[in-house]
Every structure is written in structure tokens, then in C-alpha cells.
Amino acid sequence: MPAPRTILLTGAAGGLGTLMRSLLPEYGYTLRLFDVRPVEGEPDAITADLTDREALREAVRGVDAVLHLAGISLEAPFEKILKSNIEGTYHLYETARQEGVPRIVFASSNHAVGFTPAPRAGEPLIPVDTPRRPDTFYGLSKSFGEDLAQLYWDKHGLETVSVRIGSCFPEPTSVRMLSVWMSPADGARLFHAALTAEGVGHTVVHGSSANTRLWWDLTTARALGYEPRDDSEPYAGKLIAEQGELDPGNPAHTHLGGHFVNDPPLWPY
Ligand code: NAI
Ligand code: 15L
């Protein structure tokens, strides 16, 4: 696939979208922005919902690839997850297929596998083919997105890299995050690799920096050409002093998904 130049960035107004708006142009991309909320300082951004198919068609027309970050990013009542993350992602894939977009990079999440026990000392890192174990309706929607990506590859030849992002924020803010953190700069490196690697079909990768306390395996990410440069370890002393070591008796400390495994579902009724 020729190197993509024009990228549709969905979720451009969000936290990760804002970070990527500042970092990805350095890799030579021109970004077309899409979000249901206005994107501050970006009058040309498309303000529309993912379920607005006509707006999506305009948005995807002519782009070389999509970086799909839009969606509800935490647990929410099922109806809301259904509309934004499940129906919305379906509309994006179907519109991209119709418009001939060759590749999508999908923001999946550790919460698709959140009930996976974290490896204890000496145990192997969690492989990318670990069974899906969503910890929330939110995680379930990311699991759906990965399956949708597989379907659109197998049936239509639309390529996807599903990036199971750990925690991508400027700094880790919990002891758990020391194991799953992805620095914004490494996030941009990984998205760039996912946008440009040859012949990805549908590839699932874990999205983290090269953390000393890493819980999951980065082999498939590295195979795309991703070379993480950051490590959460410099934050460890302060976070452990403030919060204590992880408690082996607390499921939120011993599973990949952290507190999401303990949080009750949010029912709409
Ligand atoms: P965020 O909540 O800050 O941003 C999400 C953006 O999507 C918001 O600007 C929101 O307006 C937009 N959006 C939501 N529903 C929409 C819809 N129906 N139509 C159009 N736009 C819609 O989330 P953040 O942190 O920026 O995450 C971006 C993506 O990465 C999300 O899909 C999230 O699930 C995923 N992710 C993020 C992680 C992180 O550490 N930041 C970790 C794992 C996954
Ligand atoms: C996610 O999937 C969320 O979108 C993000 O806000 C964080 O909660 C992150 O996972 C995490 O697990 O730290």
C-alpha cells in the first residue's frame, strides 16, 4: 500500500485526538478531523455523529486511511455504547468500504480483555491471542470492533490494525498504569507504524510503551515497525509512595482492566 498521506481522524476533539493532532503532522500526514463535538480552533473539522452516514461519506471520501478514535471511552449504559461504539463503528466500516478506503486503524482497548489476570512475577507476558474477556459493555464494544475489522478484512479486503491501547495519557496516574501506559509520543509512533506497515490484513496489537513493568506482549506491534522509546518506570517511585504497591487481594489490581473489573454496570433504568 502506498504511504498514506491524508488521514481521517475521528474523535479529534477527545483527549487522544488532541494529542494526535499535535503529534501526527510531524510524520507528514494531513489530517481531516471528525467529532460529534466541535474541535477547538479547527473551523474545518466535521462536526457530526458517527451514525450520520452522509456526513461520514463526505468525511471518508478520498482519504488514504482512517484513524478511528471516536466513541464512548468509558463504561456507559448499553444503549449509549450500542449507538456510538457498535452502530457508529459499523457505519464507519461500511462507508469506508463503499468509498474504497484501504485501511482503518481502530482504537481498541485493554478492556476487550480486561478480565485477563495480570501476569505474576516470572509468568509470561499476555499474548495478543489471549481469549477476549471484556470487563464492561465498553470493553464488549471494543471486542465487537475487532470482530468487525476481521469480517471486513476477510470479506472485503479492508485492512485494519486494532490497537488495544493500554492507557495513553501524558503521564501514568496509577500503579496499574505503570504496566499498561503508552506515552503520547509512543502512541504516535505506533499509529504511524499501523498506518504504514505493508500487508497487515487484520492485525491486533497491544499499545504500550516499553515499560519495565509491562503486562502484555508487544511482538505484533514491533512486527509493524513500532519501536517504543518510553518507559513508565521514572514515575514508579512517586506513584507507589502515594498509592502503595498493587494489592494481590484486589481484583482491580490483579486484572488487566483495573477498576473496570470491579465497577458495577451502568443500567439505563
Ligand atoms: P475521549 O472520550 O477523550 O474522546 C472520544 C471522542 O469521541 C470525544 O471527543 C467524543 O466527542 C467523540 N465521540 C464519541 N461518540 C461519538 C460519536 N457517536 N460520533 C462522533 N464522535 C463521537 O477518549 P480518548 O481518551 O481520546 O480515547 C480515544 C479512543 O481511544 C476511544 O475510542 C477510546 O475508547 C480509545 N482508548 C483510549 C485509551 C486511552 O488511554 N486514552 C485507552 C484505550 C482505548
Ligand atoms: C480505556 O479504554 C479508556 O478509554 C481510558 O480512559 C482509560 O480508562 C484506559 O482504558 C485505562 O484502562 O487506563
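Counting starts at 1 for both ligands and their atoms, in listed order. Bear in mind that the values here come from a model prediction, so they are computed numbers and not experimental data.
In this model, no donor atom of one side chain and acceptor atom of the other lie less than 3.5 Å apart for Ser162 and Glu146. Using a 3.5 Å distance cut-off with no hydrogens or angles, the side chains of Tyr235 and Thr173 do not pair a donor with an acceptor. A donor-acceptor contact closer than 3.5 angstrom links the side chains of Thr219 and Asp217. Side chain to side chain, Tyr152 and Glu94 meet the donor-acceptor criterion of an N or O pair below 3.5 Å. Looking at Asp230 and Ser183, their side chains do bring a donor and an acceptor atom within 3.5 Å of each other. Using modelled atom types, one finds no donor on one side chain facing an acceptor on the other under 3.5 Å when comparing His255 with Thr116. Under the 3.5 Å distance criterion, with hydrogens and angles disregarded, no donor-acceptor pair is assigned to the side chains of His202 and Thr160.
Between Phe169 and Trp181, the ring center distance fails the sub-6.0 Å criterion. Taking the six-membered ring for Trp, Tyr29 and His192 have ring centres closer than 6.0 Å. In summary, the aromatic rings of His206 and Trp216 are positioned with their centroids under 6.0 Å apart.
His253 places a side-chain N or O within 3.5 Å of a backbone atom of Asp247 that can act as its donor or acceptor partner. Within the 3.5 Å criterion, the main-chain N or O of Arg164 finds no donor-acceptor partner in the side chain of Ser108. Side-chain N or O atoms of Asp52 include one that pairs as donor or acceptor with a backbone N or O of Ala55 at under 3.5 Å. Asn211 places a side-chain N or O within donor-acceptor distance of the main-chain N or O of Ser232, the cut-off being under 3.5 Å.
Note on ring orientation: taking the six-membered ring where Trp is involved, the planes of Phe78 and Phe137 are perpendicular (angle over 60°, cut-offs 30° and 60°).
Within ligand 2, counting atoms from 1 as listed, the ones closer than 4.0 Å to a heavy atom of Asn110 are 10 (O), 11 (C), 12 (O). Set against the non-hydrogen atoms of Phe260, the atoms of ligand 2 under 4.0 Å away are 8 (O). Atoms of ligand 2 lying under 4.0 Å from at least one heavy atom of Ser167, given by number and element, are 11 (C), 12 (O), 13 (O). Residue contact check: Leu74 has heavy atoms under 4.0 Å from atoms 6 (O), 8 (O) of ligand 2. Of all atoms in ligand 1, listed by their number and element, those nearer than 4.0 Å to a heavy atom of Ala107 are 29 (C), 30 (O), 35 (C). Residue Ser109 approaches ligand 2 through these ligand atoms, each under 4.0 Å from one of its heavy atoms: 1 (C), 2 (O). Within the listing of ligand 2, atoms 9 (C), 10 (O), 11 (C), 12 (O), 13 (O) sit less than 4.0 angstrom from a heavy atom of Gly166. Atom numbering of ligand 1 starts at 1 in the shown order; those under 4.0 Å from a heavy atom of Ser108 are 43 (C), 44 (C). Per-residue contacts place Gly11 under 4.0 angstrom from the following atoms of ligand 1 (heavy atoms of the residue considered): 6 (C), 7 (O). Annotation for ligand 2: atoms under 4.0 Å from non-hydrogen atoms of His111 are 1 (C), 2 (O), 9 (C), 10 (O), 11 (C), 12 (O).
Closest to atom 19 (N) of ligand 1 among all protein heavy atoms lies Leu50 N, 3.0 Å. In this structure, the protein non-hydrogen atom closest to atom 21 (N) of ligand 1 is Val36 N, 3.2 Å. For atom 38 (C) of ligand 1, the closest heavy atom belonging to the protein is Ile165 CG2, 3.9 Å. In terms of protein heavy-atom proximity, atom 3 (C) of ligand 2 is nearest to Ser73 O, 3.1 Å. Protein heavy atom closest to atom 29 (C) of ligand 1, with residue, atom name and distance, is Leu69 O, 3.0 Å. For atom 3 (O) of ligand 1, the closest heavy atom belonging to the protein is Gly15 N, 2.9 Å. Annotation: atom 10 (C) of ligand 1 to nearest protein heavy atom, Asp35 OD1, 3.4 Å. In terms of protein heavy-atom proximity, atom 18 (N) of ligand 1 is closest to Ser84 OG, 3.0 Å. Remark: minimum distance from atom 25 (O) of ligand 1 to any protein heavy atom is reached at Leu16 N, 4.1 Å.
Residue contacts with ligand 1 for Arg164 are absent, since no atom lies close enough (heavy atoms, distance under 4.0 Å). Residue-level proximity to ligand 2 for Phe169 is carried by the side chain, the only part with a heavy atom below 4.0 angstrom. Residue Ile165 does not touch ligand 2, judged by heavy-atom distances below 4.0 Å. The proximity of Ala48 to ligand 1, defined as any non-hydrogen pair under 4.0 Å, is limited to the backbone.
Taking 4.0 Å as the cut-off between side-chain N and carboxylate O, Glu227 and Arg222 do not count as a salt-bridged pair. The existence of a salt bridge linking Asp147 and Arg132 is confirmed by a sub-4.0 Å separation between a basic side-chain nitrogen and an acidic carboxylate oxygen. Under a 4.0 Å N-O distance rule, the pair Lys83/Glu79 does not qualify as a salt bridge.
The closest heavy-atom contact to atom 5 (C) of ligand 1, among the options Ser73, Gly71, Gly166, Ala70, comes from Gly71.
Taking a 4.0 Å cut-off on heavy atoms, Lys142 fails to register as neighbouring ligand 2. Under a 4.0 angstrom heavy-atom cut-off, Ser167 registers as being in contact with ligand 1.
Considering backbone and side-chain atoms alike, Tyr138 places an N or O below 3.5 Å from some N or O of ligand 1. At under 3.5 Å, a nitrogen or oxygen of Arg37, whether backbone or side chain, sits near a nitrogen or oxygen of ligand 1. Not one N or O of Phe34 is nearer than 3.5 Å to an N or O of ligand 1, by distance alone. By the 3.5 Å distance cut-off applied to N or O atoms, Gly14 is counted among the residues near ligand 1. On a distance-only criterion, Cys168 and ligand 1 share at least one N/O pair closer than 3.5 Å.
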